[in-house]
Amino acid sequence: MNAPIRRLATVVAALFAALLISTTMIQFVFAKSINARPDNRRTLLSTFGVQRGQILADGKAVAESVPSDDEYKWQRKYTQAELYAHVTGYYSFLYGAGGGLEGSENDLLSGSSDKLFYQRISDLLTGKKPRGASLTTTIDAAAQRAAEEGLGNQRGAAIAIDPRTGAILAMVSHPSYDPNVLASHDIDATVKAWRTLTTDKSQPMVNRTIAGNLYPPGSTFKLVTAAAALSSGKFTPSSVLPGQAVLDLPGTTVGLPNDGHVPCSPTGKVTLTEALRVSCNPAFGQLGMDLGQDAVRAQAAKFGVGDELAVPMRVTPSVFPTGLNEAQLAQSSIGQFDVRMTPLQVAMISAAIANRGVVMKPYLVKSAIVDSELSVVDRAQPERLSEAVTPEVANELKSMMIGVVQGGTGTAAQIPGVEVAGKTGTAETAAGANPDAWFTGFAPANGTPKVAVAVIVEDGGNAGSEAAGGRVAGPIARDIMKAVLGE
Amino acid sequence: MTAVAPARVRKGRGIELVLLLFAVGIVTLAYCNVELAVNDALPPNLLVQVGWLLGVALAFHLVLRWRASYADPILLPLATLLNGLGLVMIHRLDLAHGRDLGSSLALRQLIWTAVSVVVALVVLVVLRDHRVLRRYTWTFGLGGFVLLLLPLAPGIGRAVNGSRIWIGLGPFTFQPGEIAKITLAIFFAAYLVTTRDALSVAGRKVLGLTLPRGRDLGPIVVVWLLSVGVLVFESDLGTSLLFFGIFVAMLYLATERISWIVIGLLLFCVGAYVAYLMFGHVQTRVLLWLHTFSPEALKASDQLAKGIMGMASGGMFGTGLGNGRPDITYFAESDFIFSSFGEELGLIGVFAILMLYVLFVERGLRTALGTRDGFGKLLAAGLSFSVALQCFVVVGGVTRVIPLTGLTLPFLSYGGSSLLANWTLVALLLRISDQARRPEPDPGVRPSSSSEETQVVKLR
């Protein structure tokens with residue numbers, strides 16, 4: 001009877017071989033596609049089941065996971081939700097993680113990043129549940145609040161960076177939203193909120209400081225044109241430029257008018273310093289045409305225009321158009337036509353001028369820490385992006401910008417006892433629409449610069465058509481700078 | 001004639017002890033792993049619990065030293081390890097469902113383990129020679145058929161999860177099919193060993209296959225009708241496949257005729273196909289098997305789909321004990337315990353578990369090879385094959401090799417009847433293996449010392 005027993009053993013081997021194959025099929029070959037099934041609750045729960053790291057601003061958690069009694073184990077909570085919405089983003093089990101650090105640093109927050117390899121190993125050995133790393137942001141809570149309060153109920157954006165490092169001190173985009181409703185475990189409520197937020201015409205989920213449709217920078221772009229002029233060696237701050245009411249443009253009948261169709265000076269001639277102080281359109285239009293579009297474009301690129309940046313959220317590259325004719329070049333030189341910038345890019349221009357011409361790479365995350373051990377997983381190192389202008393040119397531009405705040409279009413940004421440098425902008429967006437109000441600048445201008453800002457208020461804000469960058473955006477920028485300086 | 005010193009046969013009790021300690025060690029580690037993952041602390045009375053498990057295992061070991069000192073040394077550690085791992089997983093699911101001590105399934109399983117081990121030890125102590133069982137051939141046969149059909153009896157039969165394979169007596173529920181597995185294996189072995197000569201007489205030859213004589217087809221037809229009855233009336237493909245499979249395998253072992261296997265497979269296929277055509281619940285099972293993720297199937301039951309998603313989420317290395325969500329799948333501690341292990345221990349873990357079963361079956365078949373009497377051979381092979389087939393039916397069911405059925409995975413799954421049956425099965429295999437591995441007393445050489453003489457007398 002032994003021969004058939006041996007044959008039976010072969011049958012047993014075949015049966016188990018079938019099981020080894022079937023389990024391999026499920027757990028290895030098709031595991032990925034099974035896990036990716038939308039009705040797979042484990043995939044959702046496993047991402048929800050991990051204690052996600054916190055997002056901290058000035059030592060305080062603005063996003064944290066607190067234990068919940070339901071099967072999801074953790075509830076994501078956003079304290080000061082609307083204030084930090086565009087910094088934190090949202091974490092939704094229906095719509096994933098996005099809109100801010102939740103999305104771009106998901107690997108660290110969820111604990112799946114390779115940087116957490118050693119921590120995962122030790123967790124595995126000690127049987128601890130895997131948890132995510134917490135992120136310390138560079139945000140200055142006072143500056144963030146000042147930006148929020150300054151923008152109030154107006155649409156627009158405000159961003160502040162440290163010129164010496166590139167650390168982002170404030171990042172506010174209006175209108176904002178409450179990410180808590182997207183993180184809700186109530187599916188119906190989440191779906192409803194998502195639908196409302198994504199169809200809202202004012203686009204509350206777009207972070208206007210770094211993304212969206214971008215803005216024409218308007219007169220703030222004159223800083224770039226001035227930088228190109230001074231860098232060319234052909235111009236100095238005292239070079240004389242045309243300052244009549246309207247600059248004739250080749251090939252058009254409209255010309256390039258100054259604001260209010262009045263001359264920049266009684267003589268119709270202005271120096272470069274004077275032109276920046278009063279934001280003289282004809283002077284900069286002429287300057288751009290004299291320099292040529294390649295020089296202006298090259299200067300813009302040195303400030304970062306066209307660069308792909310991640311802070312770590314992706315920043316939409318700013319644009320200086322190509323293939324311009326003379327008239328378009330003149331318009332582009334004052335930040336109109338097809339020039340488009342993010343408020344971050346505008347702030348970077350001020351920051352570079354403040355930082356002796358050097359552009360620092362902007363960043364939002366100071367460090368990633370594993371909360372319990374307080375061990376640092378990753379720490380940001382300030383990084384040079386480029387040298388936009390020489391220290392000498394930066395100095396000349398700084399003096400010119402101080403003039404703007406002291407006695408030009410930017411007087412609203414003055415801070416008693418602090419030297420402030422700045423530039424206003426009033427950008428035409430579309431026929432019939434109110435212009436956008438801009439202000440960019442930095443402080444202190446006489447010592448070590450600590451903060452550079454860019455503020456834009458869309459559609460003239462509460463001032464409507466009367467908007468001028470200085471009056472609408474200037475005070476907001478001033479309050480942000482004051483908050484950073486602790487004044 | 002030169003005097004040759006008889007080769008010393010290793011009893012293997014020392015190896016068994018080491019392996020037992022190893023098995024208890026693995027279970028302890030798994031238990032600590034679960035508690036650390038879920039409660040962030042070691043279990044409060046760890047030493048007591050491990051002490052109990054070790055105590056039960058050592059008691060079994062000592063009884064083997066006393067009553068079956070030549071028994072196979074691997075079977076007990078394997079059963080202990082599987083039983084212990086099952087307990088850990090059931091405890092882990094208790095935690096996930098928030099079941100307290102009163103409703104704890106792990107506690108019940110632990111009590112059943114103790115009861116089962118006691119029963120197994122009684123079998124080992126009382127049953128000194130497995131051949132005694134042959135005296136009760138027809139008692140076992142009748143008992144087996146009655147047990148198998150008991151769930152159909154009005155009043156005590158219970159349908160759980162669509163399958164009518166349970167009986168309820170007061171607060172207790174029982175799957176008599178598990179016990180029937182053993183009594184029927186004993187019956188088949190005893191019956192076939194007496195009728196094997198008649199059954200292997202050659203009949204007509206068709207397509208190169210020597211068929212048995214027509215009048216010898218009686219027994220297989222009876223068992224076939226019984227299996228189809230179980231499939232149709234208890235709607236349980238697993239039990240049906242298991243019994244018919246055991247019978248056909250043992251029939252083949254007894255007669256060495258491939259034709260019996262062919263006839264058996266054909267009969268089963270015909271029966272299953274007719275049942276598929278005639279009964280809605282069988283069609284649903286097939287739909288769930290072939291199109292698990294189709295909307296119609298998910299509407300009928302998403303249990304299998306959930307189990308498979310669980311296994312997939314485990315991937316290669318698993319989530320780690322206590323870190324997955326096996327509790328999402330219904331019956332995660334019984335029918336789907338394999339999926340639960342797949343999720344938390346990964347592909348590597350379930351391969352290891354399957355290997356434990358392969359080893360178990362292999363030791364059983366080796367016992368069958370070594371046994372000198374035909375009844376013992378048939379019984380050991382039949383019981384071993386039943387474990388293999390049951391694993392195939394259960395694991396094949398949750399991994400979509402065959403339609404899902406409601407059987408338990410031996411030793412691992414939650415269920416008192418299953419534990420009782422499988423520990424008894426281990427006791428029988430150990431008893432047979434003790435005789436298989438015991439050196440035959442050499443009739444030419446009289447034992448020189450009186451103590452050895454006593455030993456021989458004592459054991460026969």
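The structure presented is a predicted model; accordingly, all values stated were derived computationally and were not measured. Reminder, nothing fancy here: chain letters follow the sequence lines and each chain counts from 1.
- Heavy-atom distances place no part of A/S33 under 4.5 Å from chain B, backbone and side chain included.
- Here B/A312 is the residue among B/A312, B/G396, B/G374, B/C391 with the most heavy-atom pairs under 4.5 Å with chain A.
- Within 6.0 Å of CZ in A/R379 there are 12 or fewer heavy atoms belonging to other residues, nucleotides or ligands.
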Let me have the donor-acceptor pairs involving side chains of residues 7-21 of chain A, under 3.5 Å, with sequence neighbours excluded, atom names and distances please.
{"from": "A/R7", "atom 1": "NH1", "to": "B/Y252", "atom 2": "OH", "distance (Å)": "2.5"}
{"from": "A/T10", "atom 1": "OG1", "to": "A/R6", "atom 2": "O", "distance (Å)": "3.1"}
{"from": "A/T10", "atom 1": "OG1", "to": "A/R7", "atom 2": "O", "distance (Å)": "3.4"}

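- For B/I308 against A/I34, the heavy-atom pair with the smallest separation is CG2-CD1, 3.8 Å.
- More than 12 heavy atoms of other residues, nucleotides or ligands sit less than 6.0 Å from atom CZ of B/F293.
- Using a 4.5 Å heavy-atom threshold, the side chains of B/F338 and A/T23 count as touching.
- Both the backbone and the side chain of B/T329 come within contact range of chain A, judged by heavy atoms closer than 4.5 Å.
- Nearest heavy-atom pair, B/A368 versus A/I5, reported as atom, atom and distance to 0.1 Å: CB-CD1, 3.7 Å.
- Between A/Q27 and B/M311, the shortest heavy-atom contact is NE2-O, 3.0 Å.
- Only the side chain of B/V401 comes within less than 4.5 Å of a heavy atom of chain A; its backbone N, CA, C and O stay farther away.
- Using a 4.5 Å cut-off between heavy atoms, B/V395 contacts chain A through both its backbone and its side chain.
- Interatomic distance, A/T24 OG1 to B/M316 CE, rounded to the nearest 0.5 Å: 8.0 Å.
- For B/R366, no part lies near chain A; criterion is any non-hydrogen pair under 4.5 Å.
- Proximity to chain A is absent for every atom of B/L321, based on heavy atoms less than 4.5 angstrom apart.
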